[in-house]
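Side chains are part of it too, since the values below use all heavy atoms of this structure and drop only hydrogens, waters and symmetry mates.
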Amino acid sequence: MSNIADNLNKVQSRIAKALAHASNRQSDVQILAVSKQQHADAIRELAALGMHDFGENYLQDALPKLEQLADLHLCWHFIGHIQTNKTRLVAQHFDWVHSVDRLKIARRLNDQRPDQLAPLNVCVQVNISEEDSKDGVAPNAAEQLVRQIAELPRLKLRGLMAIPRASSDFEQQVQAFTELKSLFDRLNTGGAQLDTLSMGMSYDLEAAIAAGATMLRIGQALFGPRPA
Ligand SMILES: *Cc1c(COP(=O)(O)O)cnc(C)c1O
């Protein structure tokens, strides 16, 4: 078995085990394969194993790969910081954006989404650990942003995304993810109709599942270490 096939098996069994431990969960969890810095060949190999959703965070690195892999009709997610002058290319080439954290970016993506494409799926990125260095809207400003984005016709608001402060402690990881899940539930109680909770990466996917993630963003555990 190739490394990538072996890695995928391992990730799937970690997920199955975590779901079995989370007795309160009803639904399955989706894998978003984070292919940043990975070569197109590795993406092709993972796609051949049934993976359909791939995440990239640097536009310049991503665009040539999207072109090389166009024959596969993959679903591409933009998960990185978005600069104002990059919104048009993101709106033209991606199916999802997980990192919308201000209205200005949302408006530009909405205005620049080509008419012949379906509305762009978006998640609002929340700075759940309230770190100065992190992207993401402050948790107490998320509700307003969600309400404003829901009004934009060329965007389809899907949910929330966060990258909590790194911790090797499982309970701390669960606590941070649970804060995002609570915000998600509150917004839905208020009528937001969100279906996606994008949280959990290679090293903390078990905690994210325990807290109710619906989409895991997994890079190194699938592809191995990122090439330099
Ligand atoms: C790189 C990245 C990931 C994946 O991280 P791994 O540790 O490789 O699983 C997930 N989300 C975002 C936003 C990333 O930039």
Side-chain angles (χ1 to χ4, degrees), residues 29-38 43 51-59 61-63 65-66 74-84 86-110 112-113 117-129 131 134-139 141-142 145-146 148-150 152 154-166 176-177 179-181 183-184 187-188 192-202 204-205 208-209 211-222:
V29 60
Q30 194 187 345
I31 300 175
L32 171 59
V34 177
S35 49
K36 63 184 184 198
Q37 293 166 254
Q38 302 292 346
I43 299 173
M51 200 64 53
H52 182 66
D53 289 82
F54 289 85
E56 291 281 337
N57 71 340
Y58 292 111
L59 190 63
D61 291 349
L63 291 178
K65 289 192 266 182
L66 267 60
L74 300 172
C75 184
W76 290 101
H77 300 238
F78 191 81
I79 62 174
H81 178 77
I82 312 181
Q83 293 162 280
T84 312
K86 300 286 163 52
T87 51
R88 183 177 300 279
L89 285 167
V90 171
Q92 286 172 339
H93 292 281
F94 283 80
D95 302 294
W96 283 69
V97 179
H98 290 231
S99 43
V100 175
D101 62 0
R102 52 202 195 280
L103 185 60
K104 181 181 178 190
I105 293 291
R107 285 210 174 110
R108 290 177 65 93
L109 290 170
N110 179 72
Q112 295 167 343
R113 180 66 168 173
L117 297 180
L120 182 63
N121 296 290
V122 303
C123 292
V124 167
Q125 183 173 353
V126 182
N127 186 359
I128 203 71
S129 308
E131 292 173 272
K134 282 270 174 72
D135 291 331
V137 65
L145 183 58
V146 159
Q148 289 166 323
I149 291 176
L152 300 174
R154 301 295 296 144
L155 301 185
K156 186 170 168 62
L157 179 64
R158 300 296 298 266
L160 303 179
M161 182 274 243
I163 311 168
R165 179 182 289 116
F177 288 135
E179 285 174 31
L180 191 70
K181 164 72 165 153
L183 177 59
F184 178 83
L187 294 170
N188 274 340
Q193 295 186 288
L194 308 177
D195 64 9
T196 302
L197 199 46
S198 165
M199 59 185 195
M201 319 201 306
S202 293
D204 58 8
L205 69 88
I209 289 171
T214 69
M215 197 184 287
L216 307 166
R217 305 180 312 271
I218 313 281
Q220 300 181 73
L222 289 171

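Atom CD of Q112 and atom CG of L89 lie 9.0 Å apart (nearest 0.5 Å). Distance check, rounded to the nearest 0.5 Å: CG of L63 to OH of Y58 gives 15.0 Å. A distance of 10.0 Å separates CZ of R107 from CD1 of I149, quoted to the nearest 0.5 Å. Residue M199 holds its CE atom at 9.0 Å from CZ of F184, rounded to the nearest 0.5 Å. The line from CZ of F177 to CG of L205 is 9.0 Å long, rounded to the nearest 0.5 Å. Summarising the geometry, atom CG belonging to D53 is positioned 8.0 Å from atom CH2 belonging to W96; distances are rounded to the nearest 0.5 Å.
In this structure a side-chain-to-backbone donor-acceptor pair under 3.5 Å is present from N110 to R154. Judged by distance alone, the side chain of R165 and the main-chain N or O of E131 form no donor-acceptor pair under 3.5 Å. Formation of a donor-acceptor pair under 3.5 Å by the S99 side chain with backbone atoms of G80 is found in this model. With hydrogens and angles ignored, the 3.5 Å screen pairs a side-chain donor or acceptor of R113 with a backbone N or O of A118. Remark: side-chain polar atoms of N127 are not paired, donor with acceptor, to backbone N or O of A138 under 3.5 angstrom. Checked by atom type and distance alone, the side chain of T196 never pairs as donor or acceptor with a backbone atom of G159 at under 3.5 Å. Judged purely by atom type and a 3.5 angstrom limit, R158 has no side-chain atom pairing as donor or acceptor with the backbone of C123. Using modelled atom types, one side-chain atom of K65 and one backbone atom of S35 make a donor-acceptor pair closer than 3.5 Å.
Only one option out of D135, L160, V100 pairs with Q125 in a side chain to side chain contact (heavy atoms under 4.5 Å, CB included); it is D135.
Counting all heavy atoms, side chain and backbone alike, G200 lies closest to A208 at CA-CB, 3.4 Å. The two residues S198 and H98 make their nearest non-hydrogen contact at OG-ND1, 2.9 Å. Closest of all the heavy-atom pairs between I218 and L222 is O-CD1, 3.5 Å. Considering every non-hydrogen atom in both A213 and V29, the closest pair reads O-CG2, 3.7 Å. Considering all non-hydrogen atoms of both residues, A162 and L180 come closest at CB-CD2, 3.6 Å. For the residue pair A142 and L183, the shortest heavy atom distance occurs at CB-CD2, 3.9 Å.
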Starting from the C-alpha separation in whole Å, work towards a yes-or-no answer on side-chain contact (heavy atoms from CB on, under 4.5 Å) for D101 and I82. CA-CA 9 Å; D101 62 0; I82 312 181; over 6 Å; no
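More than 12 heavy atoms of other shown residues, nucleotides or ligands fall within 6.0 angstrom of atom NZ in K86. The local environment of CD in Q220 is crowded, with over 12 non-hydrogen atoms from other residues, nucleotides or ligands closer than 6.0 Å.
Side-chain contact between K36 and D61: absent, with no pair of heavy atoms (C-beta onward) separated by less than 4.5 Å. Using a 4.5 Å heavy-atom cutoff, the side chains of N57 and R217 are not in contact. H93 places none of its side-chain heavy atoms less than 4.5 Å from the side chain of W76.
The closest side-chain donor-acceptor pair between T84 and R108, if any, does not fall under 3.5 angstrom. Neither side chain, T214 nor Q30, offers a donor N or O lying under 3.5 Å from an acceptor on the other.
Classification of the F94-F78 ring pair by plane angle, with boundaries at 30° and 60°, yields perpendicular.
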